[in-house]
Number of protein chains: 2
Amino acid sequence: MVSDHDEMSDSDSARVTIKDVARAAGVSIATASKALNDRGRMMVETRQRIRDVAASLGFMPNAMARALVSQRSFTIGLLTNDTYGRFTLPVAAGLSEALIDRGVSVFLCAFEDDAERAAINLRSMQEKRVDGLVIAGKRIDRGLPIDLPRLPMPVVRVYSLCRDDEIGFVPDDLEGARSAVNHLIACGRRRIAHITGPTSFHAVRLRAEGWTEAVEAAGLPLLAGPQFGDWSEAFGYASGERLLTLPASERPDGVFCGNDQIARGLIDALTLGGVRVPDDVSVVGFDNWEVFAKATRPPLTTVDMGLNELGRQAGLTLLDLVAGKPVVPGVRRLACRLVVRSSCGTRPL
Amino acid sequence: MVSDHDEMSDSDSARVTIKDVARAAGVSIATASKALNDRGRMMVETRQRIRDVAASLGFMPNAMARALVSQRSFTIGLLTNDTYGRFTLPVAAGLSEALIDRGVSVFLCAFEDDAERAAINLRSMQEKRVDGLVIAGKRIDRGLPIDLPRLPMPVVRVYSLCRDDEIGFVPDDLEGARSAVNHLIACGRRRIAHITGPTSFHAVRLRAEGWTEAVEAAGLPLLAGPQFGDWSEAFGYASGERLLTLPASERPDGVFCGNDQIARGLIDALTLGGVRVPDDVSVVGFDNWEVFAKATRPPLTTVDMGLNELGRQAGLTLLDLVAGKPVVPGVRRLACRLVVRSSCGTRPL
DNA sequence: CATCGAAGAAAAAACGTTTTCCCAATCCGA
DNA sequence: TCGGATTGGGAAAACGTTTTTTCTTCGATG
């Protein structure tokens with residue numbers, strides 16, 4: 001019936017302040033502060049003594065008192081509508097890891113597409129005086145269901161719609177798609193199809209464009225053009241079944257899928273239909289969602305969007321902004337990385 | 001080359017303090033504070049006037065100044081080693097949603113099993129003076145790679161090992177397993193197998209126990225006992241292939257799987273081998289990881305651990321602790337919920 | 001008429017830091 | 001020995017709140 005954080009546990013547990021340190025070290029508060037922060041001038045042994053005393057007392061500076069005077073809270077907010085976390089979690093991890101080393105902590109504000117909750121979270125972040133905001137979404141052509149009035153703090157966006165005068169980070173879908181297709185070509189494939197999500201997604205259009213460019217650049221046929229559907233495994237499966245109905249001569253020998261789920265469904269259908277992957281058909285996915293990519297038979301070669309890195313860079317850029325450094329506005333497209341597993345067969349050299 | 005949060009944007013954007021409000025309303029700071037916080041006595045129109053002024057100025061109280069004096073930061077920390085987020089993300093969402101309404105924000109501290117980073121995060125949380133800590137893990141029989149010295153703040157645990165004198169929240173694996181098996185029985189199944197993860201997981205042992213109890217309670221055979229393996233789809237697939245080698249009379253007609261991935265692999269193997277699910281064999285999973293459960297053919301009936309609710313309750317309990325309310329220590333096992341889809345066939349009444 | 005009470009509002013202390021002065025001592029060269 | 005620089009350290013203001021205490025009024029009571 002008790003809590004385990006007794007106030008009076010040991011001499012050191014009751015919040016020790018810099019005043020306690022100063023008194024114990026026989027110096028003034030100002031000197032103690034300067035000693036601990038490597039500021040001002042004083043004898044080196046004085047500085048060390050104060051530090052030793054602070055350590056032995058278990059002193060931890062109160063970040064809020066510090067924030068109050070320095071006008072920097074060393075916190076930032078991560079606002080996202082991706083509660084499921086497919087995209088946001090890697091971003092958050094990258095962000096958090098990059099910032100913790102600089103003493104900055106991250107408030108997680110996840111909300112469904114519920115404008116009211118979003119507003120509450122936003123207000124909360126303002127009251128908590130975060131130094132900046134990272135806005136993360138789940139598609140690059142949508143903003144959050146909340147309009148940001150002119151905020152008193154810098155903002156960067158990740159995997160979200162971004163105006164020209166804002167600063168955003170997205171994966172380079174176009175180049176990622178190209179590299180996927182080029183990998184198929186390097187594996188000796190000549191008839192390369194593209195099966196992907198709904199055209200309403202900008203990412204879909206970009207990836208389709210990348211496919212088109214790479215295929216045309218190699219002087220290969222565009223077959224029937226991109227096959228648009230939804231993001232599901234079921235669509236991939238259905239597409240696979242459709243492919244099976246084609247005469248072998250018209251069948252593609254390589255497929256670039258818009259995401260890993262589609263690829264998964266496609267491979268399942270092909271395998272069930274007696275078409276071997278990668279012997280008969282090579283498949284490349286998109287997302288590198290490992291739980292899928294590693295579980296397909298064979299494991300899936302796919303494009304990793306580098307979400308972790310996206311988060312990291314967003315964090316560092318936000319810190320620059322906070323520090324008042326000039327940052328060119330606009331959206332940065334970070335390189336994707338092809339993760340080669342075994343769904344494409346012969347490795348190119 | 002500029003940041004979009006110009007300091008001097010409009011009259012209201014340069015941080016407005018309570019002093020500004022007081023001056024604009026022609027009262028003292030003390031009066032302004034009382035008006036805004038519904039404290040003290042004053043003419044009702046004075047109160048309203050102050051509030052109107054505050055609103056028109058866009059006043060937002062500085063949470064850190066407030067925290068400094070009230071000794072409550074209205075923040076808590078979520079420490080987790082589950083950077084992948086399979087378990088933590090739903091917990092975080094539930095936690096965050098429950099707390100935001102009470103004005104409490106959540107710091108996300110995710111680290112790999114890297115003790116040093118964990119320590120940095122922990123120290124950061126202490127300096128930020130969080131009111132409490134939620135420790136979330138990815139298995140119920142492991143703590144975090146960090147020993148918590150007697151912390152000056154209350155702690156609750158979620159999906160993590162928990163000493164008797166601590167407060168923890170975990171799903172009721174035993175009962176969840178029982179309900180899964182009972183569902184199979186209600187669907188008319190008599191030979192119910194259990195295919196699950198490694199015995200080193202406590203969750204595995206609990207689920208196996210639930211399976212055993214429910215099967216025995218119904219007077220049914222335990223067959224060959226639980227089949228332990230790993231959590232992968234590949235293991236489920238291999239198990240399915242093994243089942244196919246059995247003579248039909250010895251084959252189970254219902255399988256309770258330790259997680260959804262195993263179930264997925266199992267169903268794939270059975271389907272490929274010509275055994276129909278659910279007509280010939282019913283399958284129940286565990287986790288309700290929707291991206292799997294909904295993608296299996298047929299969609300998977302599975303046990304939902306209620307991670308969201310776990311997070312919610314943990315948050316509310318932590319708040320009680322912070323408020324000094326007495327809370328009985330120990331671990332709470334929250335009910336799981338069977339999500340019925342179509343992998344078991346005939347719905348029980 | 002003097003006093004009392006209460007209502008309304010202000011003054012000031014406190015929270016725990018950082019930082020800007022400022023002061024006293026020591027040192028150096030002349 | 002004197003004047004100025006340098007060195008080591010302290011006093012106090014500031015950050016933006018809440019809260020306790022004190023101070024006016026003003027009307028009512030004895």
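Chain naming here is simple, since letters A, B, ... match the order of the sequence lines and numbering starts at 1 in each.
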> Once you round it to whole Å, what is the distance between P of dC15(D) and CG of Asp20(B)?
11 Å
> Write down the distance between NZ (Lys19(A)) and C1' (dT18(C)), rounded to a whole number of angstrom.
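Value for this atom pair: 15 Å.
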> Using whole Å, report how far CE of Met60(A) lies from C1' of dT17(C).
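Distance, rounded to whole Å: 16 Å.
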> In whole angstrom, give the distance that lies between atom CE of Met64(A) and atom C1' of dA14(C).
15 Å
> Taking only N/O atoms, report every protein-nucleotides 10-12 of chain C pair under 3.5 Å with atom names and distance.
unit_1, atom_1, unit_2, atom_2, d
dA10(C), OP2, Ser28(B), N, 2.5
dA10(C), OP2, Ser28(B), OG, 3.2
dA10(C), OP2, Thr31(B), OG1, 3.2
dA10(C), N6, Lys34(B), NZ, 3.3

> When the distance from CG of Leu36(A) to P of dT18(C) is rounded to whole Å, what number comes out?
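Whole-Å distance recorded here is 8 Å.
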> Can you check side chain to side chain contact (heavy atoms under 4.5 Å, CB included) on Val104(A) and Leu319(A), steps first, answer last?
CA-CA 9 Å; Val104(A) 175; Leu319(A) 250 33; 4.2 Å; yes
> Apply side chain to side chain contact (heavy atoms under 4.5 Å, CB included) to the pair Ser160(B) and Arg142(B), showing each step before the final yes or no.
CA-CA 6 Å; Ser160(B) 152; Arg142(B) 290 278 190 282; over 6 Å; no
> I'd like to check Pro171(A) versus Leu310(A) (side-chain heavy atoms, cut-off strictly below 4.5 Å). Are they in contact?
yes
> Between the axis at one end of the helix from dC1(C)-dG30(D) to dA30(C)-dT1(D) and the axis at the other (five pairs apiece), what's the angle to 10 degrees?
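About 70°, once rounded to a multiple of 10°.
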> If you apply the rule side chain to side chain contact (heavy atoms under 4.5 Å, CB included), what do you find for Arg15(B) with Met60(B), and how did you get there?
CA-CA 9 Å; Arg15(B) 286 296 181 209; Met60(B) 297 204 184; 5.5 Å; no
> Any side-chain heavy atom of Leu95(B) within less than 4.5 Å of one from Leu99(B)?
yes
> Give, for atom CD of Glu166(B) and atom CZ of Arg157(B), the distance between the pair rounded to the nearest 0.5 Å.
4.0 Å
> Any pair with a residue in residues 97-135 of chain B that passes ring-ring contact (aromatic ring centres under 6.0 Å, His included), sequence neighbours left out, goes on the list, sorted by first then second residue, please.
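Residue pairs with at least one partner in residues 97-135 of chain B: Phe107(A)-Phe107(B).
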> I would like to know whether Arg51(B) and Asp38(B) meet side chain to side chain contact (heavy atoms under 4.5 Å, CB included); could you show each step before the answer?
CA-CA 10 Å; Arg51(B) 290 192 165 165; Asp38(B) 243 337; 3.4 Å; yes
> Can you tell if the side chain of Arg332(A) reaches within under 4.5 Å of the side chain of Ile167(A), non-hydrogen atoms only?
yes
> For Tyr159(A), which residues count as a ring pair (Phe, Tyr, Trp, His ring centres under 6.0 Å) partner, sequence neighbours excluded?
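With sequence neighbours excluded, Tyr159(A) shows a ring pair (Phe, Tyr, Trp, His ring centres under 6.0 Å) to Phe87(A), given in chain and number order.
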> Would you say Asn37(A) places a side-chain N or O within less than 4.0 Å of OP1 or OP2 belonging to dT18(C)?
yes
> Taking ring-ring contact (aromatic ring centres under 6.0 Å, His included) as the cut-off, I'd like each qualifying pair that reaches into residues 15-73 of chain A, sequence neighbours left out, listed once.
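Listed by first then second residue: nothing to list.
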> Would you mind telling me which of Thr88(B), Ile135(B), Leu144(B), Asp114(B) makes a side chain to side chain contact (heavy atoms under 4.5 Å, CB included) with Asn81(B)?
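Among Thr88(B), Ile135(B), Leu144(B), Asp114(B), the one meeting side chain to side chain contact (heavy atoms under 4.5 Å, CB included) with Asn81(B) is Leu144(B).
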> Tell me which pairs pass salt bridge (charged side-chain N to carboxylate O under 4.0 Å, His left out) where either residue lies in residues 77-95 of chain A, with sequence neighbours left out.
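Of all non-adjacent pairs touching residues 77-95 of chain A, those that pass salt bridge (charged side-chain N to carboxylate O under 4.0 Å, His left out) are Arg86(A)-Asp287(A).
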> May I ask you to list the residues of residues 66-77 of chain B, by number, that have any heavy atom positioned under 4.0 Å from an atom of DNA chain D?
Arg66(B), Val69(B)
> So which of residues 123-133 of chain B are in contact with DNA chain C, with a heavy-atom cut-off of under 4.0 Å?
none
> Under the side chain to side chain donor-acceptor pair (under 3.5 Å) test, which residues partner Arg312(B), sequence neighbours left out?
Glu309(B)
> Going by salt bridge (charged side-chain N to carboxylate O under 4.0 Å, His left out), name the pairs with one or both residues in residues 95-106 of chain A, residues two or more places apart or in two chains.
Asp101(A)-Arg117(B)
> Of the residues in residues 38-48 of chain B, which ones touch DNA chain C at a heavy-atom distance under 4.0 Å?
Arg41(B), Met42(B), Met43(B), Thr46(B)
> Check nucleotides 26-28 of chain D against the protein and report each pair of N or O atoms closer than 3.5 Å, with its distance, or say if there are none.
none

> Rounded to the nearest 0.5 Å, how far apart are CG of Asp320(A) and CD of Gln313(A)?
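Reported to 0.5 Å precision, the distance equals 10.5 Å.
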> For Glu116(B), look at atom CD and say whether over 12 heavy atoms of other residues, nucleotides or ligands are found less than 6.0 Å away.
no
> Please determine whether a side-chain nitrogen of the Lys or Arg among Asp52(A) and Arg49(A) lies less than 4.0 Å from a carboxylate oxygen of the Asp or Glu.
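So Asp52(A) does not pair with Arg49(A) through a salt bridge.
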> Mind calculating the distance between CD1 (Ile18(A)) and P (dG16(C)) to the nearest angstrom?
12 Å
